[in-house]
Amino acid sequence: VIQPIDSVERVTELATSMSEAFLGALLGLAPDGTILYWNAGAEELFGYAGSEVIGKSVLDTIVPPEHVDEKRRWLAAALGGGSALYESVRRRKDGLQICVDVAVKVARDRDGNEYLLLNERDITRVKYQRDAQVLQTRFREVLEAAPDAIVLVDSSGRITLVNSEAERLFGYTRGELLGQLVEELVPTRFHGNHPSHRANYFREPQTRPMGIGLELSGRRKDGTEFPVEISLSPLSIENSTLAMAAIRDVSPRKKIEEALKTANRELEAFTYSVSHDLRAPIRQIDGFARILSEQLGPEIDEKVAHYLRRIQDGAGHMGRLVDDLLNLAKIGRQDLKPRLVGLTTVARDAMTDIEADTTGREIRWQLDPLPTIECDPGLMKVVFTNLLSNAVKYTRSRTAAVVHIGCAVRHGEPTIFVRDNGVGFDMKYADKLFGVFQRLHRAEEFEGTGVGLATVQRIVHKHGGQIWADAIRDQGASFYFTLNPRAAERTHGAV
Amino acid sequence: VDLLLAEDNPSDAELILESLAGLRERVFAVEDGVEALDFLFARGDFADRAHVALPRVVVLDVKLPKIGGFDVLRELRADPRTQSLPIVMLTSSNLESDIARGYALGANSYVQKPVDFDRFRETVRLLGFYWLTTNEPPPVSLSRAEGT
């Protein structure tokens, strides 16, 4: 049953509810912009209660300073023509800017006074979607070619364009993102400062990484977070500046870094345990074998003496292995302390140490002047000691051994070499030369643990250099290495 | 007792005693950190030592059961009765971190047990003779008087 409307008041009431429901914000203004009427829709849209704004000018409240002149022109145009339709920008009480669609009509009261009646509707999302269509036709190919998620943001903090990678990474569709504040993609706990950070960026826009030294996180649509790296660049389009954020998900790298840290911790625990516990039983084997042979005295059976010697040899070898391995592990962990070092001095020091153990042998040393290079002198001494003692060891069968230490420029880089006239090795096995425990000679021929060259290689690599060798069987071997600690810092910096 | 040896590994203890040859009678060996502290503070099984002088030196392994060598060292340095008692860390490890820690906690000496038995025997022999015959121990008034 349709109830007839029976009073003017009720009709007015009903009409008011209808206009509230369908028209959104309704404002009544004096010709100078003073607010006279402010409905519930306006309260909702702009965040101001009627009591806060009635009597004030729209120009001091919801019109952003940079749009005041434009607003004046529109009001004048409406007053002149009786009505106007336009789009503009408003600032809400919380500072957020929104886009509105405005319809103005001029009304007169009985006394002939003019008023402006405005109906404003929020078209922010619609406008950004529309603008994105235009931008997208221009930038689509560039954006989609980028490996990173790309999000373009305007100075009001709203997302103006995204690429497919951004949709995938954050789990939103393009339509859901356009026109949203970029904070939508930022974890809630960072929301407090984010608007002021982005305001700062627009004050001085330049290409730079975001949040240097900070751990940044992105937030997906489902609320989950992930670690990101972000680089920002300004992008000028027509007469406005956009910030282009290239966002990279670094969780795979973080995972690897975590795994590496764990592995390093485990290795350290292992090294500690080896250092403490593995030496004791070796010493005990050696010690009791020694005591036993002393107990047996000089009348000892030839075979028994031989076996005891074998036990002690084994223990001794094991002891050297443990020491060399611990040394190799230590060099791996130790930080480079590079300074300018004259390599001639380092090589001569190593040479002097080794000469002490070569009495009775004829060795012709040739030490050419070596360059002064930025490197860790302690570790370089280890390199020379290993290379020179190898040269001495593998020339043992020569009546006159020759060991030549020199420097040649190769591909524009100083290359240090250690050359000998010893037994050399078969180049077929050259790739095994620097592996841990890899030996190219039988233990009876040449003693060794197979750790020395691995240690040398590790030091050279830590210095950003290369090491290689060439040799001819029975005619000698040459070892070459380069150093480049600056490159080492660049590539091995963190780990 | 002039030398207290805290060494949990019976084989190492035997090799150390073997190497100390002529000084053996003056050595007492314990097997963990608790025993070492009880011995020095005359507690528990060693309560009867209350009026006996402290040894001239304590030789501590780093890895001891129950209370580790560094913790024993810390407790000895914290007590006025033993704060100037000569303490030697004798251990297999030559890790810089261990050596630094030993000195930071107030050890008087840090000696790595050589793996080679000849060198081991010589090292332990020298150590024993140095601390028991060459070194002048702190005066009794400094070490025991305050505690009793």
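Order of the sequence lines fixes the chain letters, A, B, ..., with proteins taken first and strands second; residue numbering starts at 1 for each chain.
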Exceeds 12 heavy-atom contacts within 6.0 angstrom, atom [atom1] of [X]:
| X | atom1 | value |
| --- | --- | --- |
| B:Tyr103 | OH | yes |
| B:Arg119 | CZ | no |
| A:Gln466 | CD | no |
| B:Arg74 | CZ | yes |
| B:Glu122 | CD | yes |
| B:Asp45 | CG | no |
| A:Arg310 | CZ | no |

Decide yes or no for A:Ile285 and B:Phe117: does some side-chain heavy atom of the first lie under 4.5 Å from some side-chain heavy atom of the second?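 No, side chains not in contact.
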A:Asp286 vs B:Asp118, side-chain contact (heavy atoms from CB on, under 4.5 Å): CA-CA, chis, key distance, verdict: CA-CA 9 Å; A:Asp286 184 46; B:Asp118 281 340; over 6 Å; no
From CZ (A:Arg283) to CG (B:Asp12), nearest 0.5 Å: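 The distance works out to 4.0 Å.
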Determine, stepwise, if the pair A:Gln284 / B:Asn9 fulfils side-chain contact (heavy atoms from CB on, under 4.5 Å). CA-CA 10 Å; A:Gln284 289 154 11; B:Asn9 186 315; 3.1 Å; yes
Chain A contact via B:Asp61 - side chain, backbone, both or neither, heavy atoms under 4.5 Å: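 Nothing of B:Asp61, per the 4.5 Å heavy-atom cut-off to chain A.
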With a 4.5 angstrom heavy-atom cut-off, is it the side chain or the backbone of B:Thr91 that approaches chain A, or both, or neither?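 For B:Thr91, side-chain heavy atoms alone lie under 4.5 Å from chain A.
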Which portion of A:Glu294 sits near chain B, non-hydrogen atoms under 4.5 angstrom: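 The answer is the side chain of A:Glu294.
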Please determine whether a side-chain nitrogen of the Lys or Arg among B:Glu18 and A:Arg290 lies less than 4.0 Å from a carboxylate oxygen of the Asp or Glu.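 A salt bridge is absent here (no side-chain N lies under 4.0 Å from a carboxylate O).
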So A:Asp277 and B:Lys63, side-chain contact (heavy atoms from CB on, under 4.5 Å) or not? Walk me through it. CA-CA 9 Å; A:Asp277 302 335; B:Lys63 281 190 123 185; 2.9 Å; yes
Is a donor on one side and an acceptor on the other found under 3.5 Å between the side chain of A:Arg279 and the backbone of B:Ser92?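 Yes; judged by distance alone, with no hydrogens or angles, the pair exists.
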